[in-house]
Amino acid sequence: VVTSATRLPLYQGGYQPDIPTEATKKVMMNVLGIAALYHDSSCCILIDGKLRAAAQEERFSRIKYDSRIPKEAVRYCLKEAGLTIHDIDYVAYYEDPTKKLSRQLWMLAQGLPFDDQLINRMDPHRPEQEIRDIMGYEGPIEYMDHHLAHAAGTFCFSGFPEAAIFTVDSVGEWATTTLGRGSQSGIELLDEIHFPNSFGLLYSTMTSYLGFDVNDGEYKVMGLAPYGTPRYTDQVWKLIESNKSSQLQLQLDYFDFLAGQRMFSDKLIELFKQPPRSKNDEITQFHQDVAKSMQVVLEDLLLEKVRYLYEKVPSQNLCMSGGVALNCVANGRIHREGPYTNLFIQPASGDAGSSLGAAAYVHAKYDQSSFAGERMEHVYLGPGYTSEEITRLVQETPLPFEDYHGNFDALCTAVSKRLAEGQIIGWYQGRMEFGPRALGARSIIADPRRPEMRDKINALVKKREAFRPFAPVVLYDKAREHFDLDCPSPFMLLVCQVCSPLELPAITHIDGSARVQTVTEQYNPRFAGLLRHFDQETGCPILLNTSFNMKDEPIVCTPVDAIRCFVRSKMDALVLQDIVIDQKSVPAFWDETINFFEGPKSANIDHSVYTFF
Amino acid sequence: MSKQEPFEAQKKICDRIAQSIYQQAGSFTILQGLNQLSILHNSAPRKQQRLRSSESEEESKGVGIWIPTSTEENPSYQRKPGINNLEASMWANRETIPAKGPKKRVVFIGESVARGFFFEPHFSPASVLETILNRHSAPVEYEVIDLARSNLSLRGLQQLIKDSLKLKPDSFVLFAGNNWIMYNDDLQKEMSQFSEALAENGDTAAFKENIKVWISGQIRNLLRFCQNIVQETGIPIFFMLPEFNDVDFASDTRYAIPYMNIEKTVEWRQSLRDASDHKDSESREQALQRMMQLDDGVSSIAPSMLARLYAEQGYTHKARQYYHIARDAELWNWLNTPRCYTFIQDMLRNEAEKHGIHLIDLPQEYQHSLKNGLPDRTLFFDYCHLTGDGIRLSMSAAAAALLQRMADQQITTTDLRAYAPTPENPVLARAHLLAANHNASWGQPESIIRHHCESAYRIDSIVFKKMNHWPEITGIPLPPIMTSAYANAWSGGDRDTLYRLATLGPYSYSHFVDTLESIENKNPSSITRIRATHHDVCKKEIDLLSPFSCIHSWAQPETLTIEDIGYFRAYSLISRFSFFCSKPADIHLTITLRIPNSEKILEPVQIRIQEKPGFEMQATTQWQTMHGTLQKENITPGLNTIELIWPLADLDNEYELHRIVQQMKQGEKIQLYQPVGDIYHFTANAQ
């Protein structure tokens, strides 16, 4: 049974925040959820248990994976909710600093190198101090276990009255994986895997060995895997000890992350009989095979744990969260081959999404209301700009534009025509998505039938590795005609086989799979409208959909970010709500001054080894 | 015992320690202390992530941004290909450096003053020096190789001297000393070790002294480095000692209170009120002297006011003395403009010659030229950048020193000045216009902004008209480069100027904008249209905490806090917020504010509009949201200014100082003024 969330007025010609009055403010419980000081910090606000806004700090600061206290995201959430800082009843923080310190002290005892700055970062009072000093918050702060925040982040937004819960990431405090159950009366974690044993660290270690950034390149390994053959599964199995119980044990002599300099040891290199790949080295068949082997082992392991969980919690429903739950290939197998009928995966399953869980848990606890909340039907929880605001800004630039305000059909017709001609388009509509996926609010879109499109977007627009696949977005009512998919996939978290009568080379991965997003008019009417027009124009209800950003940049947030990215990436056209700007109309002198258009700012986390502090 | 048992035992111990650290205040300090004593150290240091600045990272095939064109022993040099516009725009405007020939080569190295900031790339001190030398020294020919770079640091200076030995100079002229505190990454790294004085009792004076001692060590290193070069190569080094614009650059634009205890703070604020209110100069002088005693000389407010008082009374010597005290008062402050502090000047005066370096003492040259007058707008465009006359005088002094040492010619600065070229009128007009904008950006008084605008208009009204798109460019909430006004200015020419302007922030330089409007007096509607379109309180709620409304100067201490924390922390005793109103209307204000870390709040917060009383609010130590209305009789169609006057409060400095010390230890920039209030939310609405 899935309940529907109240639909917010999102896309019909802009939106107006639903601002509480002075009288209603006093009776509502307002909870701010915070995830910060590790990587990818975020904030959300729950008013009387309803999720009103959520955003990652990186979108505002323009620093990818920004880990600092999310002061800008907090300001945005409060503004969106029509509240100010003293209207907040609780701040819910996504981890327990004392338990985290315990794990960090243990790591120091194992010989992890450290310095003054690291010691200062370990201070368990730091979260509170920064919440007070930087956010200016004066009220109560509730810390909770990191994996409980993950668990609540998925269960409380699943719409299930009860469910089994499986959280998997790299590390929290001590726990790295938990198995549990959720019901209206609470969330119970039944079993845990403890650091240093970790699915996430296992996958990140192989990510690093394959020459990709830790905490960033894991999805590249997943994308590389279909090019390979699982020749090295025996070697990968040697890295761990697992059985059909809940537990997993890393064979630590293959790993070096406890020494703090790199993820893998020399013994792991000996095991695979090849030196680790450096970032700019060519990707060979060996790397593809190792990626495939790692992926297969991960899927098998996760399935094994899910089956074990089913023995303990034989529900119809499974909720998943944690960074590893972003591995949509594994999710697809769990959905197809696992024992649970219904699967809900939090769309921002990484640490950013645990701010939602922290807030939901604290609300249910103090409001004494049900932990089983309404289903999260969409992720359009970030800032939005009205058509008038955007037009007013663009009118001050030298960019000529086509204005379709009040004529959405004409906009869709014009955009469909451009897409059918092979143009790459920046599609900027309504409120920004929360989480790692662009789902039609801040997207780059193109015709998936064109064989050249993947290479063109990878090379020219996104400036990233050629092997990386792009995802399709499809009208939900047409999805089964083209994909082997028997349920909605609104958050692009499931991988399935392409079975379309159309040739779709730009979104079909080497193994015939695709990571599908399904769209309905109910939750994204403008994106669905565009797909219908494109279908009418071409007979194809599918578009290529990738995030609106360039390499090493966060997804765009404001119209100005979008214009910057559009100019630098050389997309063919930019659709900003109701207006269309053509790349040909960009003034020539903007090319000469391109350096003044901000490029990526350096991240404040280290990608060579996992950040344990 | 199973494999898991030792792990579980260790975990329990770690849990207990962590609990104990969390529960007992101060126990984390023990961990920090153990680390500092190296008791916990057991391995190699973590890798450094900080990148070195581009000015110093080249170990050096080349010189600055120039690289050799061949591997010959005496190559020519050219600019590195692919260097970005911003970096390129920092350096002297030369594409190539020729191979050393028969001309006597003077390598000229320095900071933005040496580049001829505001004149570049059209007119430079190096070219003036070369002209003077060549007009006077025939048949010997001189070439001056201009290697000046804006924002050049002390470390960068040393690197550049070392690298430019490859150019086989016959002499070096160094024109530097303004940037040695402001652009000093090494100092920033060392700051945490100076924090103990602050942690103890908020002793800003001791903190300041520590900085002076550390910088003095760095300068001594530079002098020794130069001495070695002179001794090893025989190449003479001339050092031009910079000066500061005492009269026409106000150091006291920040009305903020340095750290003192509450008794001193109350008396200091009362003295400031007395000094502002009293008409008779004796009482004013007494009040200001008392302020200086109370704050230990770490605020520029009292000495600046005293200097102006003495100057008005004709006491030039005393005025100079107090201008210098004001200039030096806040050398700890990251928001200060570049300047050559008295202790740096004195050190170079005392030690340069001992290290074999020839000193060209510009402060003395200026004093002589001004007939004992004070340095002012005739020589300076802003704090330290020179006018055309300033450059001519300075380069004449340099030429006199060079000719004396290198050609044994005794010619006075005054005589040589006749040989110095002047900038052409369009270049001079442009420089005045840029100076007006720069002074506005630093929160300088309207009179000096008007002086530069009027000078630009008088000298070349065409240049003025071409460049006066700038207020439109900055008034739109877009990056300047994206605006139509910028595109129009681009097509009109002078792209170098636009490049530089594009790096400035979107602040409401209202003086600059209004002055431009009033001088041109032709088309004020473009600014009004922009304000009405984007900032009109009659059309939409205006966020008074946006930079357009609340940041009026780079020198404002609030600029740093807006970047670092999620709300507006006021350090200035009066916070100003501007908004545009297209027609008179009642303006409703909503404000969430507090007086942080206070035990007693002694007065209400006052809100004023256009310098008239608005209303009062009783703030508390915790956030409160309050509403108030400004009556339409007091609202002016156009730009309006709200002043929020913060009350006297008994601030808990200990908490703040602890926070500052922690920030310093994290390598963050700090602000050493007492916070007087916080605002989380501040909006104005006419509807």
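Order of the sequence lines sets the chain letters (A, B, ...), proteins ahead of strands, with each chain counted from 1. Heavy-atom basis, side chains included; hydrogens, waters and symmetry copies ignored.
- Between A/Phe195 and A/Phe257, the ring-plane angle classifies as tilted under the 30° and 60° cut-offs.
- B/Asp536 pairs by the side-chain hydrogen bond (donor to acceptor under 3.5 Å, both in side chains) definition with B/Ser582, not counting sequence neighbours.
- A/Trp174 does not carry A/Lys99 over the face of its six-membered ring by the limits of under 6.0 Å from the centre and within 45° of the normal.
- Partners of B/Asp678 under the salt bridge (charged side-chain N to carboxylate O under 4.0 Å, His left out) rule, at least two apart in sequence or in another chain, are B/Arg569, B/Arg594.
- Using the six-membered ring where Trp is involved, B/His535 and B/Phe548 have ring planes that are tilted, between 30° and 60° apart.
- Proximity to chain B is limited to the backbone of A/Gln395, based on heavy atoms less than 4.5 angstrom apart.
- B/Pro477 touches chain A through backbone and side chain together, each having a heavy atom under 4.5 Å away.
- Heavy-atom pairs under 4.5 Å with chain A were tallied for B/Thr533, B/Asp543, B/Ile13; the largest tally goes to B/Thr533.
- Top candidate by heavy-atom pairs under 4.5 Å with chain B, chosen from A/Pro559, A/Pro587, A/Ala259, A/Gly136, is A/Gly136.
- Between chain A and the residues B/Gln622, B/Arg659, B/Gln624, B/Arg16, the largest count of heavy-atom pairs under 4.5 Å involves B/Gln622.
- For a residue to count as touching a neighbouring chain, one of its non-hydrogen atoms must lie under 4.5 Å from one of that chain's; by this rule B/Thr683 does not touch chain A.
- Checked against the 6.0 Å centroid threshold, B/Tyr567 and B/Trp623 count as a close aromatic pair.
- Top candidate by heavy-atom pairs under 4.5 Å with chain B, chosen from A/Ile69, A/Val74, A/Leu393, is A/Leu393.
- In this structure, chain A has heavy atoms under 4.5 Å from both the backbone and the side chain of B/Thr483.
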